Amino acid sequence: MSLTVVGSVALDTVETPSGINKDGLGGAATYFALAAANFTQVHLVGVVGEDFPEEHVNLLDSKGINLDGLERAAGKTFRWVGKYHDDINFRDTLDTQLNVFESFHPKVPEKAQQAPFLFLGNIHPALQLEVLDQTNHQFVALDTMNLWIDITLDDLKKVLSRVDCLIINDEEAKQLTGVKDLRRAAAAIQNMGPQFVVIKKGEHGCMLFGEADEIFAMPALPLDEVVDPTGAGDSFAGGFMGYLANQEKIDFQSLKNAVVHGSATASFTCEAFGPDRLATVSLGKIEGRVQEFRALTHF
Ligand code: AMP
């Protein structure tokens with residue numbers, strides 16, 4: 001079944017201990033779509049400016065991603081600048097320029113409205129509500145960030161009451177709920193609406209929480225070299241939702257498998273700058289990594 005993603009399409013400048021990548025292709029929706037396109041038909045809804053290179057549009061198009069919902073507006077593309085520490089698990093955002101994103105109101109094309117699966121990337125919760133009002137979805141997952149928890153919690157809670165799954169990192173889960181232990185934080189989030197909660201813990205993997213105390217824990221794959229982890233979270237979400245969109249039944253077992261496929265997909269993203277490595281993967285390579293996860297965790 002098809003899948004719609006709404007979120008940022010960006011030009012990122014990223015510095016890591018491996019080097020610097022200036023004005024490269026980035027954005028949460030970009031990573032998500034490239035990851036999910038390995039599994040299913042993806043509709044991307046977002047906005048870019050007049051400066052967005054055609055080669056990036058061609059790359060997304062060559063992966064079969066439907067770009068009818070990618071607006072080209074007057075002005076500059078959203079830009080983000082990040083610098084990673086020597087310990088690559090930590091980074092600082094040095095600059096965020098909203099540019100065309102500032103006046104963006106998502107217009108979801110008809111085919112994208114009908115997609116049964118929807119991923120609300122990390123954008124202002126008021127825009128996420130606009131998308132929910134335009135779509136006809138069966139399963140919705142949501143990403144958010146500390147900024148929205150800080151400045152627009154009421155809107156965020158309205159979104160939460162209308163989604164099936166929240167994908168969030170551990171610090172944000174604690175901030176959102178005021179609860180320090182992850183099991184109780186997940187339960188508090190479920191009380192806000194989502195049936196399922198995925199809490200990401202960076203290099204330590206992630207945990208999936210379902211109903212009736214169902215919990216599944218997943219390590220991250222130990223990689224030989226992490227060049228640039230930017231977009232790993234969005235690639236995880238893309239692999240997770242892409243896998244789910246192909247399943248007959250959405251239950252705790254299919255979500256467990258989705259977490260493994262999301263983790264396998266995200267591991268590729270970290271191996272090169274931007275989406276360079278992610279853009280070269282195939283379903284076969286992802287399945288190979290799923291086997292590595294199986295060997296890593298089986299006893
Ligand atoms: P992640 O590493 O998963 O946090 O995702 C990083 C991507 O998110 C980068 O490609 C950025 O362009 C994009 N990004 C960073 N900040 C924001 C923001 N405030 N709103 C939307 N997208 C953002």
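Atoms considered below: every heavy atom in the structure, side chains included; atoms not considered: hydrogens, waters and symmetry mates. Because the structure is a prediction, the values reported are computed rather than measured.
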For the residue pair Gly121 and Gln128, what are the closest heavy atoms and their distance? O-NE2, 2.8 Å
Could you pull out the closest heavy-atom pair between Val197 and Ile189, with the gap in Å? CG2-CG2, 3.7 Å
Under a plain distance cut-off of 3.5 Å, with no hydrogens placed, do Thr77 and Asp51 share a side-chain donor-acceptor pair? yes
Within-4.5 Å side-chain heavy-atom neighbours: Val281 and Ile286: yes
Verify the distance criterion only: is there a donor paired with an acceptor across the side chains of Thr40 and Tyr243 at less than 3.5 Å? no
Check: Phe119 ring centroid to Phe32 ring centroid under 6.0 Å: yes
Can you find a heavy atom in the side chain of Leu160 that is under 4.5 Å from one in the side chain of Leu142? yes
Is it true that the side chains of Asp155 and Trp148 contain a donor and an acceptor less than 3.5 Å apart? no
Hey, is Arg289 close enough to Glu271 for a salt bridge, meaning N to O under 4.0 Å? yes
Check Ile88 against Val226 and note the closest heavy-atom contact, atom names and distance. CD1-O, 3.6 Å
Smallest heavy-atom separation, Asn66 atom then Asp68 atom, equals OD1-N, 2.9 Å
Lys/Arg cation over aromatic Phe52: Arg72, 6.0 Å, 45° cone: no
For residues Thr269 and Pro275, determine if any side-chain heavy atom of one lies less than 4.5 Å from a side-chain heavy atom of the other. no
Determine, for Asp181 against Lys174, whether the closest basic-nitrogen to carboxylate-oxygen distance falls under 4.0 angstrom. no
Check whether any side-chain heavy atom of Glu71 sits under 4.5 Å from a side-chain heavy atom of Lys107, and report yes or no. yes
Taking it one step at a time, do His261 and Glu287 satisfy side-chain hydrogen bond (donor to acceptor under 3.5 Å, both in side chains)? CA-CA 8 Å; His261 283 78; Glu287 289 299 343; 3.1 Å; yes
Does the pair Leu176 and Leu166 meet the rule for a side chain to side chain contact (heavy atoms under 4.5 Å, CB included), with working shown? CA-CA 12 Å; Leu176 176 60; Leu166 175 66; 4.1 Å; yes
Checking side-chain polar atoms at under 3.5 Å, does His85 have a donor or acceptor matched by the opposite partner on Asp92? yes
Would you mind reporting whether Arg183 and Ile215 have side-chain heavy atoms less than 4.5 Å apart? yes
Restricting to non-hydrogen atoms, name the atom on Phe139 and the atom on Asp164 that form the minimum distance, rounded to 0.1 Å. CA-OD2, 3.3 Å
Salt bridge check, Glu50 against Lys76: does any charged N sit closer than 4.0 Å to a carboxylate O? no
Within-4.5 Å side-chain heavy-atom neighbours: Lys83 and Arg91: no
For the residue pair Ser254 / Asp251, report whether a side-chain donor-acceptor contact shorter than 3.5 Å exists. yes
Between the side chains of Asp133 and Arg162, is the shortest nitrogen-to-carboxylate-oxygen separation below 4.0 Å, so that they form an ion pair? yes
Heavy-atom closest pair (Ile199 atom, Asn169 atom, distance to 0.1 Å) is CG2-C, 4.1 Å
Please tell me if the side chains of Lys22 and Asp12 come closer than 4.5 Å, counting only heavy atoms from C-beta onward. no
